[in-house]
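Please read the structure below before turning to the comments.
Just the heavy atoms: all of them, side chains too, but no hydrogens, waters or symmetry mates, feed the values below.
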Amino acid sequence: DVKVTQSSRYLVKRTGEKVFLECVQDMDHENMFWYRQDPGLGLRLIYFSYDVKMKEKGDIPEGYSVSREKKERFSLILESASTNQTSMYLCASRGNTEAFFGQGTRLTVV
Amino acid sequence: QKEVEQNSGPLSVPEGAIASLNCTYSDRGSQSFFWYRQYSGKSPELIMSIYSNGDKEDGRFTAQLNKASQYVSLLIRDSQPSDSATYLCAVTDKGGSEKLVFGKGTKLTVNP
């Protein structure tokens with residue numbers, strides 16, 4: 001079975017903190033994605049990566065950065081967390097067919 | 001900006017009926033199309049994938065793709081209460097990097 005694992009299920013951080021969300025996949029997929037999901041707004045793409053050290057901005061990259069030093073790991077970084085980044089964050093991994101999702105991280109910024 | 005639009009819903013159907021979910025996309029270069037189901041509080045899971053024009057059937061689910069009209073749909077036959085969920089349409093292209101974009105989803109309720 002494909003496994004996409006996100007480091008935390010729930011996370012509470014303070015405004016201004018630097019936050020790291022980690023995602024690991026075990027299927028040797030080239031493509032990895034970070035989305036955030038908010039009520040009424042659906043899944044919005046933050047960043048994606050199609051190879052090690054390669055990344056592209058999605059639709060809402062502002063306030064975020066990413067790192068992909070190894071093929072299996074894709075990290076999302078909130079440089080200075082703000083309350084409007086409170087959301088559900090979903091990581092996905094994709095080879096040549098469908099994307100598989102991690103369990104999600106519910107981030108609350110207070 | 002590439003867009004994926006879904007009928008806004010919510011959609012409510014009686015048990016045993018056919019539920020029809022629709023999706024349009026803006027990028028003519030799109031090549032791969034997916035329907036995901038998401039239960040409340042859970043991650044999306046794949047229902048169907050379709051890559052060429054026409055129909056694709058899997059059990060009670062049928063995906064339909066019309067690239068000329070930039071339209072993809074999902075039909076659920078003999079709808080069950082367990083089908084109640086949000087259904088997400090996703091589209092990708094292959095222009096060097098495979099960006100995967102989702103619609104906002106349609107919430108389906110199947111009433112017993």
Pick one of side chain, backbone, both or neither for B/Glu45, based on which atoms fall under 4.5 Å of a heavy atom in chain A.
neither

Neighbours of chain B found in residues 102-110 of chain A - heavy atoms under 4.5 Å
A/Gly102, A/Gln103, A/Gly104

Quick one, A/Thr97 and B/Ser49 - any side-chain contact, counting heavy atoms below 4.5 Å?
no

For A/Arg14, does the CZ atom sit with more than 12 other heavy atoms under 6.0 Å from it, leaving out its own atoms?
no

Heavy-atom side-chain proximity of A/Val4 to B/Ser43 below 4.5 angstrom
no

Under 4.5 Å from any heavy atom of chain B - which part of A/Glu30
neither

Hydrophobic clusters here meaning ILVMFWY residues chained together by side-chain heavy-atom distances under 4.5 Å, can you tell me if B/Leu100 and A/Met54 are in one?
yes

Under a single-linkage definition using a 4.5 Å side-chain heavy-atom cutoff for Ile, Leu, Val, Met, Phe, Trp and Tyr, are B/Val4 and B/Ile50 assigned to the same hydrophobic cluster?
yes

One thing to verify: whether B/Lys99 and A/Asp59 come together as a salt bridge, which I'm taking to mean a side-chain N less than 4.0 angstrom from a carboxylate O.
yes

With a 4.5 Å heavy-atom cut-off (strictly below), which parts of residues 20-28 of chain A touch chain B? List them by number.
none

I'd like to know if A/Leu78 and A/Leu90 are part of one continuous hydrophobic network [Ile/Leu/Val/Met/Phe/Trp/Tyr, side-chain heavy atoms within less than 4.5 Å].
no

Segment of A/Ser49 engaging chain B (4.5 angstrom heavy-atom cut-off)
neither

Joint cluster assignment, B/Ile47 & B/Leu11, ILVMFWY side-chain distance < 4.5 Å
yes

Taking the six-membered ring for Trp, are A/Phe101 and B/Phe102 ring centroids under 6.0 Å apart?
yes

pair B/Leu88-A/Leu43: side-chain heavy atoms closer than 4.5 Å:
yes

So do A/Phe100 and B/Leu46 actually touch side chain to side chain, heavy atoms under 4.5 Å?
no

Rounded distance [0.5 Å steps], CD in A/Gln37 versus OG1 in B/Thr86:
8.0 Å

CZ/A/Phe48 to OG1/B/Thr92 distance, rounded to the nearest 0.5 angstrom?
8.0 Å

Name all residues meeting the ring pair (Phe, Tyr, Trp, His ring centres under 6.0 Å) criterion together with B/Tyr25; count only those two or more places apart in sequence or in a different chain, and write none if there are none.
B/Phe33

Any chance NZ of A/Lys71 has more than 12 other-residue heavy atoms, nucleotides or ligands included, within less than 6.0 Å?
yes

Do B/Leu108 and B/Leu74 land in one hydrophobic cluster if side-chain heavy atoms of ILVMFWY residues count as linked below 4.5 Å?
yes

Salt bridge (Lys or Arg N to Asp or Glu O under 4.0 Å) filter on A/Lys70, not counting sequence neighbours, yields none

Do you know which of A/Ala99, A/Gly58, A/Gly40 has the most heavy-atom pairs with chain B at a distance under 4.5 angstrom?
A/Ala99

Other residues, nucleotides and ligands only: do more than 12 of their heavy atoms fall within 6.0 Å of CG on A/Leu41?
yes

Measuring only between side-chain heavy atoms, which start at C-beta, is B/Ser32 closer than 4.5 Å to A/Arg94?
yes

